Amino acid sequence: MSGPPGTHSGASTTTGQRPPDKENDIPMAATLQEILLAPDTKPHVVDDCYTLIQEELADKSGISGTALKLAYKAATTFAPGHVRHMVETLLPRMVEELEPFWADFNTAGGAEFGDYLAKRGDEVADALLRVTDDRAAGSNRPVIIKAYRSVRSGAAKHVKAALPQVGDLVLKYAR
């Protein structure tokens, strides 16, 4: 017995086909480019990434934390606005590097992208640092290059520490 018009009881139609089921109408998971780089979304993602950098930097301590803070201060002193500009500039490439991880996460049916990224910390950190390494190699700003090189050896540790928050940031826009 079927329900009122427009409802679905699970019965076949007169053509022998099942009516559309809302659960089966869910589109495939969007790519990170579609999610994070959409024109209306990208400025918010840039803001959130910049805030994440600020928060991660504030949490750093010890010798490597001090070195990181000094490098950041050098970069922002000699090139005001440079970090924010780099976030906006590098975001598409970072998203591209995260894309295979996102696709695998969706295929695996995980719940928390940050946990997924953290479990693959070395691999994800290497992928993301390729982006900054390429940018530093192509830079013509000696102060920025020197600041980057001064922290690069310990950068993977800092990137891995931030991966749960990176995953949370992505899910903020993906859900």
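Remember, predicted model here, so these are calculated numbers, not experimental data.
- In this structure, Thr132 contributes its side chain and Leu129 its backbone to a donor-acceptor pair below 3.5 Å.
- Crowding of Arg149 atom CZ: a count of heavy atoms from other residues, nucleotides or ligands under 6.0 Å not exceeding 12.
- Note that the CG atom of Asp48 and the CG atom of Asp168 stand 11.5 Å from one another [nearest 0.5 Å].
- The distance from atom CG of Asn106 to atom OH of Tyr116, rounded to the nearest 0.5 Å, is 9.5 Å.
- Taking CZ of Phe105 as the reference point, atom CG of Leu32 lies at 10.5 Å (rounded to 0.5 Å).
- Of all the heavy atoms in Ala58 and Lys69, the pair that sits closest is O-NZ, 3.9 Å.
- To the nearest 0.5 angstrom, Lys60 atom NZ is 12.0 Å from Glu55 atom CD.
- What you find for Val151 and Ala71 is that their closest heavy atoms are CG1-CB, 3.6 Å.
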For Leu36 and Lys42, run side-chain contact (heavy atoms from CB on, under 4.5 Å): C-alpha distance rounded to whole Å, both residues' side-chain angles, the deciding distance at 0.1 Å, then the answer.
CA-CA 6 Å; Leu36 301 177; Lys42 184 180 176 186; over 6 Å; no

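- Residues Lys172 and Val45 have side chains not in contact (no heavy-atom distance under 4.5 Å, counting atoms from C-beta outward).
- Taking CD of Glu96 as the start and CZ of Arg130 as the end, the distance is 10.0 Å to the nearest 0.5 Å.
- In this structure, the side chain of Glu88 does not engage the main chain of His85 through any donor-acceptor pair within 3.5 Å.
- Heavy-atom minimum distance, Arg141 versus Ser139: N-OG, 3.0 Å.
- Here the shortest heavy-atom pairing between Ala125 and Lys160 reads CB-CG, 3.9 Å.
- A donor-acceptor pair under 3.5 Å links the side-chain atoms of Tyr173 to the main chain of His44, judged by distance alone.
- Although no hydrogens or angles enter the test, the distance criterion places a donor-acceptor pair under 3.5 Å between the side chain of Trp102 and the main chain of Ala30.
- There is no path of hydrophobic side-chain contacts, each under 4.5 Å, that joins Val131 to Ile145.
- Looking at Leu98 and Leu128, their side chains come closer than 4.5 Å, going by heavy atoms from C-beta outward.
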Is there a side-chain contact (heavy atoms from CB on, under 4.5 Å) between Phe101 and Glu123? Walk through the geometry before answering.
CA-CA 10 Å; Phe101 299 105; Glu123 188 180 358; 3.6 Å; yes

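- Side-chain contact check for His158 versus Leu68: some heavy-atom pair is nearer than 4.5 Å.
- Taking SG of Cys49 as the reference point, atom CZ of Arg84 lies at 10.0 Å (rounded to 0.5 Å).
- Taking both residues in full, the closest heavy atoms of Ala111 and Arg175 are given as O-NH2, 2.8 Å, listed atom of the first, atom of the second, then distance.
- Across all non-hydrogen atoms, the minimal contact from Gly167 to Phe113 is CA-CD2, 3.7 Å.
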The test is side-chain contact (heavy atoms from CB on, under 4.5 Å); show your working for Leu163 and Arg120 and say whether it passes.
CA-CA 9 Å; Leu163 289 176; Arg120 290 152 187 80; over 6 Å; no

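- No donor-acceptor pair under 3.5 Å is formed between the side chain of Thr41 and the backbone N or O of Leu37.
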